[in-house]
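Structure first, commentary second.
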Amino acid sequence: REGAEQFAFQAEVSRLMDIIINSLYSNKDIFLRELISNASDALDKIRFLSLTDKSQLGEGDNTKLEIKIWLDPESKVLYIRDRGIGMTKEELIKNLGTIAKSGTSAFLEQMQKGGDMNLIGQFGVGFYSVYLVADYVEVVSKHNDDKQYIWGSTADGSFTISEDTENEDLGRGTLIKMHLKAEAQEYATEAKLRELVQRYSEFINFPIYLQTEKEVDVPVEAEEAKEEEKEEEAAEEEEEDEEEGAEDAEEETKEEEPKATRKEKRKEWDLLNDNKAIWLRKPADVTDEEYQKFYKAVSKDFGEALTYTHFRAEGDVEFRSILYIPGTAPFDFYDKYYEKAQQGLKLYVRRVFISDDMKELIPKYLSFVKGIVDSDTLPLNVSREMLQQEAALKTIKKKIIRKVLDMIRKMAEAEVKCKAMEEAGETENKPSEKECGQYGKFFEQFGRALKLGIIEDTANRNRLAKLLRFNTSKSEDKLTSLDEYIKRMKDGQKSIYYLAGSSKEEVANSPFVEQLLRKGYEVIYFTEVLDEYVMAHLQDYEDIKFENASKEDLKLADEKEKKKDKELKDQFKDLTKWWKKVLEDSRLTGVKVSSRLTTTPCVVVTGKYGNTANMERIMRTQAF
Ligand code: ADP
Ligand code: MG
């Protein structure tokens with residue numbers, strides 16, 4: 001194009017496009033889902049803007065918040081067009097090619113490990129999947145604040161941008177033109193497109209139209225007949241009452257003699273979705289399959305949700321919600337946990353999408369939960385900043401936390417029940433295999449999130465602690481819970497003992513636990529980096545104190561032993577003194593005779609108020 005500016009893709013984007021365009025990946029269908037999802041996002045954005053500034057929506061056709069898809073069978077070009085927010089020139093450059101996105105490299109990494117292309121949407125690079133089916137793509141876009149531009153690329157490492165002088169005036173929104181590859185000709189048929197759109201658009205909240213060509217029978221004199229009708233209508237207006245009977249008679253005679261017709265191809269817009277929000281339906285009327293399909297639509301996950309809940313909250317603050325726990329944690333959920341922006345639920349106010357990154361809706365440690373919240377109580381025509389101040393959000397958040405923790409608790413309870421029944425050999429009314437295994441899967445993926453919750457969410461600390469699972473000296477291979485630990489506690493045992501370290505073996509063989517084990521106490525083995533931080537926040541559980549086996553003030557002795565200790569202390573007084581003197585220049589704060597060891601001669605322990613060795617190790621590596 002004359003006067004087009006050329007830009008280089010950022011290196012990683014270019015690599016990603018190479019992989020996509022040369023991909024032999026068979027499920028190319030996903031490109032349409034990604035484009036529809038982008039169109040829907042763009043429509044959400046303009047609708048949201050128009051809440052506070054009506055002029056943004058424009059008038060006439062511009063107010064039609066819809067998506068249209070059509071095909072030119074001759075040139076094999078596929079079109080998708082939305083009346084969304086559009087992109088300015090600057091945004092075209094930024095969004096479709098040059099900016100460094102952490103998602104790109106993360107996705108590439110996954111692909112190298114043999115990951116599925118299907119995941120692309122989760123990495124924020126879904127647009128590029130268009131190169132699975134097209135070798136040349138043009139994006140025509142018009143934003144309210146700019147002129148209409150064309151972005152174009154053949155995925156050769158660069159793209160061009162020019163002011164658009166050749167296409168129809170879009171008014172506002174985006175038109176994507178896909179020049180289909182030779183091996184993607186299957187997408188040049190209406191039937192295929194209809195199937196795909198129906199599959200992917202079911203839960204899109206905007207109407208999606210597909211242009212279809214229909215063969216219709218047209219009477220040969222159709223044109224003349226139309227003219228006549230018009231004249232009749234004009235006459236009718238004047239003498240309506242009298243005419244009615246006569247008209248009926250006329251129609252009857254028309255039916256009697258068949259008229260000559262000819263076949264004509266007509267283009268029509270077929271509405272492919274009924275875009276009724278699933279959360280407005282009664283839970284009893286929604287099937288499990290529909291819930292799972294909706295999950296895939298809101299989460300961009302292509303696996304199934306582990307579990308979900310659909311409820312309606314009443315009272316001062318009214319809202320409806322569907323919440324899902326994914327089967328796997330988002331790929332970067334635990335990375336740079338405290339630094340990065342938080343994902344959120346999709347917030348709607350009276351069916352209008354508002355935002356999907358409002359951290360006021362759900363706490364960070366539960367932000368892996370996917371789903372929607374639709375409230376009738378929140379005000380619709382306020383800015384985002386004002387909305388964030390709404391007191392109602394606090395109430396919603398509280399209810400959501402409770403609902404999520406309930407979902408998790410139910411899975412945990414099913415597991416406990418299954419275990420107990422297995423041990424007792426009972427089978428009647430036993431939860432299904434799936435239900436029995438759910439909590440194990442959940443904890444594997446989200447156990448760390450629960451631990452982060454113990455640090456973050458003081459109000460729910462005990463509830464979260466109940467959900468923890470770990471190995472102990474009495475349960476080395478199977479995970480166990482605090483409740484089970486308490487059931488096994490010895491008579492007179494006053495504390496829950498634990499030791500943290502880098503592996504189960506290290507902790508189990510540690511001199512710190514020797515004495516405890518010899519006396520028959522159970523010791524919890526914490527082996528995750530996070531565990532010791534968690535324990536710093538968790539002082540007790542069900543009024544029983546936690547005690548760290550590696551701390552100086554661990555008190556295990558009974559009266560008889562205390563007396564013996566005293567004797568030993570006296571006996572070794574000189575040795576202790578000598579030792580202290582020898583180690584004077586070291587960082588040791590004391591030398592003591594201890595009863596905590598059985599076979600190990602001596603051990604270096606942490607002071608009561610100091611960091612444990614394990615904590616020192618963690619702080620040195622800053623592993624999370
Ligand atoms: P994601 O949708 O996860 O952000 P994509 O690769 O699908 O990632 O899209 C990249 C960006 O390009 C979007 O975030 C959006 O800003 C912009 N974009 C893509 N398609 C459209 C569209 N139809 N209308 C407006 N902006 C779009
Ligand atoms: Mg997208």
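Just so you know, ligand 1 is whichever comes first in the structure, and atom 1 is the first atom listed for that ligand.
- Near Ala42, meaning under 4.0 Å from any of its heavy atoms, are these atoms of ligand 1: 24 (N), 25 (C).
- When the options Asp82, Ile36, Ile120 are ranked by their closest heavy atom to atom 23 (N) of ligand 1, first place goes to Asp82.
- Aromatic ring centres of Tyr209 and Trp70 lie farther apart than the 6.0 Å criterion allows.
- Residue contacts with ligand 1 include Met87, since one or more of its heavy atoms lies under 4.0 Å from the ligand.
- Scanning Ile80, Asn38, Ile67 for the heavy atom closest to atom 2 (O) of ligand 1 points to Asn38.
- Asn118 and Arg33 share a side-chain donor-acceptor pair at under 3.5 Å.
- None of the N, O or S atoms belonging to Ser37 lies under 2.8 Å away from the Mg ion (ligand 2).
- Residue contacts with ligand 1, taken as heavy atom pairs separated by less than 4.0 Å, do not involve Leu35 at all.
- Polar contact check, Asn95 against ligand 1: a nitrogen or oxygen pair lies under 3.5 Å apart.
- Here the rule is ring-ring contact (aromatic ring centres under 6.0 Å, His included) with Tyr324, and of Tyr295, Phe368, Tyr291 only Tyr295 fits it.
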Practice task
Evaluate the side-chain contact (heavy atoms from CB on, under 4.5 Å) criterion for residues Asp288 and Tyr308: first the C-alpha distance (whole Å), next the side-chain angles of each, then the deciding distance (0.1 Å), finally the verdict.
Solution key: CA-CA 10 Å; Asp288 182 53; Tyr308 54 82; 2.5 Å; yes
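- Shown in contact with Leu96 at under 4.0 Å from a heavy atom are these atoms of ligand 1, numbered in order with element: 12 (O).
- Summarising the contacts of atom 3 (O) of ligand 1 with Ser129, Gly124, Ser40, Gly173, the nearest heavy atom is found in Gly124.
- Crowding of Glu59 atom CD: a count of heavy atoms from other residues, nucleotides or ligands under 6.0 Å not exceeding 12.
- The option with the heavy atom closest to atom 22 (C) of ligand 1, from among Leu92, Thr174, Val139, is Thr174.
- Residue contacts with ligand 1, taken as heavy atom pairs separated by less than 4.0 Å, involve Val125 solely via the backbone atoms N, CA, C and O.
- The pair Lys451-Glu528 meets the salt-bridge criterion, since a charged nitrogen lies less than 4.0 angstrom from a carboxylate oxygen.
- Remark: aromatic rings of Phe107 and Phe331 are distant, center separation not under 6.0 Å.
- Within 6.0 Å of atom CD in Glu289, 12 or fewer heavy atoms from other residues, nucleotides or ligands are found, so the atom counts as exposed in its surroundings.
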